[in-house]
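Note that these values count all heavy atoms, side chains included, but never hydrogens, waters or copies made by symmetry.
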Amino acid sequence: MSKRAEQSTTHLRMLILEAISSAIKAEELPEAPIPNFSIEMPADRSHGDWASNIAMVSAKTFHLPPQKIAESIASHIVLDNSYFKCCEIAGPGFLNFFFNQQFYADVIREIVQTGDQYGHSDYGQNQKVMIEFVSANPTGPMHMGNARGGALGDCLASLMHAAGYDVWREFYVNDAGNQIEKFGNSLEARYLQLYLGEENVPFPEDGYQGQDIKERAAEFAKINGDQFIGADPTMRKKALIDYALPRNIEKMERDLHKYGITYDQWFLESTIHNNGELQEAISALTERGYTYEKDGALWYKATLFGSEKDDVLVRQNGNPTYFAADIAYHRNKFVKRGFDRCIDIWGADHHGHVARMKGAMEALGLDSSKLDVILMQLVRLTQNGEIVRMSKRTGKAIQLGDLLDEVPVDSARFLFNMREANSQMEFDLDLAVKQDAQNPVYYVQYARARICSIIKALAADGITPHPCTDEELHLLTATEERELILHLSRYTAEIIQAAKDYNPAHITRYVITLATLFHKFYDACRVRGDNPNLTNARLTLCTVTSTVICNVLRMFKISAPESM
RNA sequence: GCGCUGAUAGCUCAGCUGGAUAGAGCAACUGCCUUCUAAGCAGUAGGCCAGGGGUUCGAAUCCCUUUCAGCGCGCCA
């Protein structure tokens, strides 16, 4: 909600409490502790702009029927100098409050004044928040899950920035460990196959099958020729990895950039292996007595922190596990870099890892509640009504790059943020490619384009908006106008709510509703008319609506064309 | 076997920490363009909120349970 609206609810709470006091003084209500009560917006607008359940929840303590309590409060409440014009008693004892004209006028003024900052708040108090997302394996191209994670993470970051957090975007690059080994083995096999024939060089069973591996090997061969055929296998693999890995990372960076995503940092897992922090983290656990040796491996006592079994940190062969590195990485986020809060976006198939990771934070003496993991369900890609399978291994899977070749970025970013992370979603390729009304992103953009068109058409006749007087703004009394202004007034609160819930989908829904309310207004109220005062007020309403639509779209890095 | 998610209109999904007759968009049907973009609006139809218990003034929402679905329980990442 706008500052106005927010003030209105805290103010209202105070007014209700004062009314109860007067009612007690007048001996209409007995002295009794007042329980917690809510002030919320009813789904049905005819039930007021704010409704309170005070009479119902206090029925017990006052030993009176809710209706009676409501009547007493209503008769004692003083609404002068507030944003409310009246209070009604309804249903089982709800108190329904209605905004007065001044409220609507002030909402519009506030948006005019704050402009592209409207919606921003200091709710987050500038806390340092890291959002780590996508973090795809650099061993191959990114898939559809990464596409969803990218849209989600990036928009969430912008959302939290708007809510007053100091946001940091990070990509964790798994450039160490087992899968890099596999990567090397796969590259090596493809490289050798080029010279020795596919039938003479077996491809590793657990190798990466993708076409991209062949391509990288071929590029490498083009540069280096056959000089590595007889080389030491370790050297050969290292050379191949050193060639291919940076290129894969660059490709991801390029693809994500095309997608509108720029990270503050690409954090290499290998840095933690090399700078001693991995060892530090392990030592920290050992010092606290949470490790032991068994079967030649170093174990972490995860069972002390809620897990069903302990976990290996250092394998028998001396190599640290992924989990050990991940512990060190998260320790780095909190201890070394001092983030107040860290959000990880993971695929839902990693949910088993969440409790372990949080447990490990506790084991290190860190507050695990500062680590939040958003689990993202998989995306089902559909086309022509059929599910398109995706697999990183088949080499035929639809990749993020392919998606962006087909689907406009605006469309992808919006559609991936239509559903909550935790719900499985269907991504309809046909719909995403379609540049028409069925695609919600166009519906929203169209509303804004319409506004631009109105402004342009009126300007052509010399009618331009100028600062509104109260008198003019008080002319906006139609239901469609009121509904639209009311919705505009809630934007800041919606941002805060969405930030609290880590849920950008809340905002895509908000802006769709905003577009709908504008279209309804457009249909019911003509801007151009005989009354210049009303025209000016409506033109201003159009302008502030456009401001809010643009604020949302800009926040999500979606374009807002002036004409369509 | 243990655990994590989820189940709401034909389809895709909302429904905020319990609130007033359960919502939207697609799809179907009916209307609305000599007036600011019809990429729009209005209307009709569509529901035992998976089943069953409980908690209370009040449950789609909270608790228990059953069924079904997806996933996880590696010295993989």
* Asked: What is the nucleic acid contact for A/A51, judged by heavy atoms within less than 4.0 Å: base, sugar-phosphate only, or nothing?
  -> base
* **Ring-base stacking, A/H350 with B/rG72 (5.5 Å, 30° cut-offs)** => no
* Heavy-atom side-chain contact between A/M357 and A/H330 under 4.5 Å -> yes
* To do: Taking only Lys NZ, Arg NE, NH1 and NH2, and the carboxylate oxygens of Asp or Glu, determine whether A/R482 and A/D49 approach each other closer than 4.0 Å.
  => no
* Asked: Nearest of B/rC36, B/rG15, B/rC41 to any side-chain atom of A/H519?
  -> B/rC41
* Asked: With a non-hydrogen cut-off below 4.0 angstrom, is A/E562 in contact with a base, only sugar-phosphate, or nothing?
  -> base
* To do: Check the geometry between A/F94 and B/rA20 and answer yes if their rings are stacked (centres below 5.5 Å, planes below 30°), otherwise no.
  => yes
* Which parts of residues 301-311 of chain A get close to RNA chain B, meaning a heavy atom less than 4.0 angstrom away? -> A/E308, A/K309
* Asked: Of the nucleotides B/rA20, B/rC4, B/rA39, which one has an atom closest to the side chain of A/H351?
  -> B/rC4
* Asked: Hey, does A/N53 reach any base, or is it just sugar-phosphate, or nothing, if we go heavy atoms under 4.0 Å?
  -> base
* Within the structure shown, what part of the strands sits under 4.0 Å from A/Q316 by heavy-atom distance: base, sugar-phosphate, or nothing? -> base
* Span that lies between the P atom of B/rA60 and that of B/rC49, in whole angstrom -> 8 Å
* Say you pick atom C1' in B/rA9 and the same atom in B/rG46; how far apart are they, in whole Å? -> 6 Å
* Taking the six-membered ring for Trp, is the centroid-to-centroid distance between A/F427 and A/F416 below 6.0 Å? -> yes
